[in-house]
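Structure record follows, encoded as structure tokens.
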Protein chains: 2
Amino acid sequence: MITFRDKVYRCPVELTIELIGGKWKAVLLWELSNKTLRFNELIRLFPNTTRKMLAQQLKEMERDGLILRQEYYQIPPKVEYSLTAFGKSFMPVLFSMNQWGMDYMAENIQE
Amino acid sequence: MITFRDKVYRCPVELTIELIGGKWKAVLLWELSNKTLRFNELIRLFPNTTRKMLAQQLKEMERDGLILRQEYYQIPPKVEYSLTAFGKSFMPVLFSMNQWGMDYMAENIQE
DNA sequence: CTGGATCCTCGAGGATACTG
DNA sequence: CAGTATCCTCGAGGATCCAG
């Protein structure tokens with residue numbers, strides 16, 4: 001049992017799930033893994049989600065120190081999203097999650 | 001874009017999150033990582049959840065091939081849950097998620 | 001272009017009681 | 001002991017419109 005920010009966790013895994021388990025967060029990290037993207041580019045990458053949801057999840061991930069939001073004060077506005085050093089530190093985990101997901105599909109392709 | 005079981009995934013990570021992203025799934029895997037547990041033992045380990053939810057998540061994980069449900073036909077009933085080989089193959093990922101969660105806490109302990 | 005504000009849906013998750 | 005059956009809550013996620 002660990003207490004962190006007034007919340008009790010059974011193990012650090014629970015916290016990790018909370019940080020990256022949101023509906024689009026892991027995939028957002030995936031898309032940002034090797035590039036910087038603007039808000040509208042992300043919108044186009046996720047045609048099945050809404051601006052609100054994307055903005056919300058990006059905001060949470062920024063608050064949690066996973067991504068960096070860089071705003072250019074110009075007209076028209078321009079905002080770029082990229083990974084922080086800590087966000088990048090999640091990449092190995094993400095890659096192993098990716099590999100495991102691929103293994104799962106490979107093993108269950110015939111069903 | 002990958003289609004698997006009539007659902008479209010952006011990347012295998014999305015599938016992985018679906019398989020282990022449920023509220024208790026990752027922690028269930030964690031608890032079962034090195035031991036076999038009976039239903040009531042799991043109930044006692046999760047005082048903040050209900051039989052229904054635990055049974056539901058266990059059922060899904062059994063369906064997804066992550067855990068093994070072994071029923072002993074006796075009175076009183078006895079059911080043991082353990083990890084399948086495929087469930088065990090997720091352990092390295094889980095450990096890295098655990099380590100990363102610990103790192104996160106360590107870096108943010110002063111806030 | 002990058003969001004915020006508002007209102008709404010819907011299903012994950014919970015409370016409680018019952019059963020083989 | 002190991003669950004189901006029912007009913008219900010509540011908030012994540014969505015639709016839509018507005019704003020700097």
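Heavy atoms only: backbone and side chains are in, while hydrogens, waters and symmetry mates are out. All of these numbers come straight from a predicted model, not from anything done at the bench. Just so we're on the same page: letters track the sequence lines, and every chain starts at 1.
One side chain, B/Glu80 or B/Tyr72, offers a donor N or O that lies under 3.5 Å from an acceptor on the other.
Across all strands, B/Tyr72 comes closer than 4.0 Å to no nucleic acid atom at all (heavy-atom distances).
In the set D/dG3, D/dC1, C/dT2, the nucleotide with an atom closest to the side chain of B/Asn40 is D/dC1. You'll find that the side chain of A/Arg69 is closest to C/dT2, out of D/dA2, C/dT2, D/dT4. Here the side chain of B/Pro76 is nearest to one of C/dG4, D/dC1, C/dT2, namely D/dC1.
Phosphate contact (OP1/OP2 of D/dA2, side-chain N/O of B/Arg38, threshold under 4.0 Å): present. Between B/Tyr73 and D/dC1 there is no side-chain polar atom (N or O) within less than 4.0 angstrom of OP1 or OP2.
Overall, the helix from C/dC1-D/dG20 to C/dG20-D/dC1 carries an axis bend of 50° between its ends, with five pairs at each end and the value rounded to 10°.
Of all the heavy atoms in B/Arg69 and B/Val79, the pair that sits closest is CG-CG1, 3.7 Å.
Checked against the 6.0 Å centroid criterion, the rings of B/Phe95 and B/Trp100 do not qualify as a close aromatic pair.
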Atom pairs and distances, donor-acceptor, side-chain atoms in residues 36-44 of chain B, under 3.5 Å, two or more places apart:
{"from": "B/Arg38", "atom 1": "NH2", "to": "B/Pro77", "atom 2": "O", "distance (Å)": "3.4"}
{"from": "B/Glu41", "atom 1": "OE1", "to": "B/Arg38", "atom 2": "N", "distance (Å)": "2.7"}

List, one per line, each side-chain donor-acceptor pair under 3.5 Å for residues 46-59 of chain A, sequence neighbours excluded.
{"from": "A/Thr49", "atom 1": "OG1", "to": "A/Trp24", "atom 2": "NE1", "distance (Å)": "3.4"}
{"from": "A/Thr50", "atom 1": "OG1", "to": "A/Met53", "atom 2": "N", "distance (Å)": "3.3"}
{"from": "A/Gln57", "atom 1": "OE1", "to": "A/Trp24", "atom 2": "N", "distance (Å)": "3.4"}

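B/Glu62 meets the salt bridge (charged side-chain N to carboxylate O under 4.0 Å, His left out) test with no other residue; sequence neighbours excluded. Scanning for ring pair (Phe, Tyr, Trp, His ring centres under 6.0 Å) contacts around B/Tyr9 gives an empty result, with sequence neighbours left out.
Classification of B/Lys78 and B/Glu71 as a salt-bridged pair fails, no side-chain N sitting under 4.0 Å from a carboxylate O.
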Protein proximity profile, nucleotides 13-20 of chain C - base contact B, sugar-phosphate-only contact S, no contact -, cut-off 4.0 Å on heavy atoms: BBB-B--B
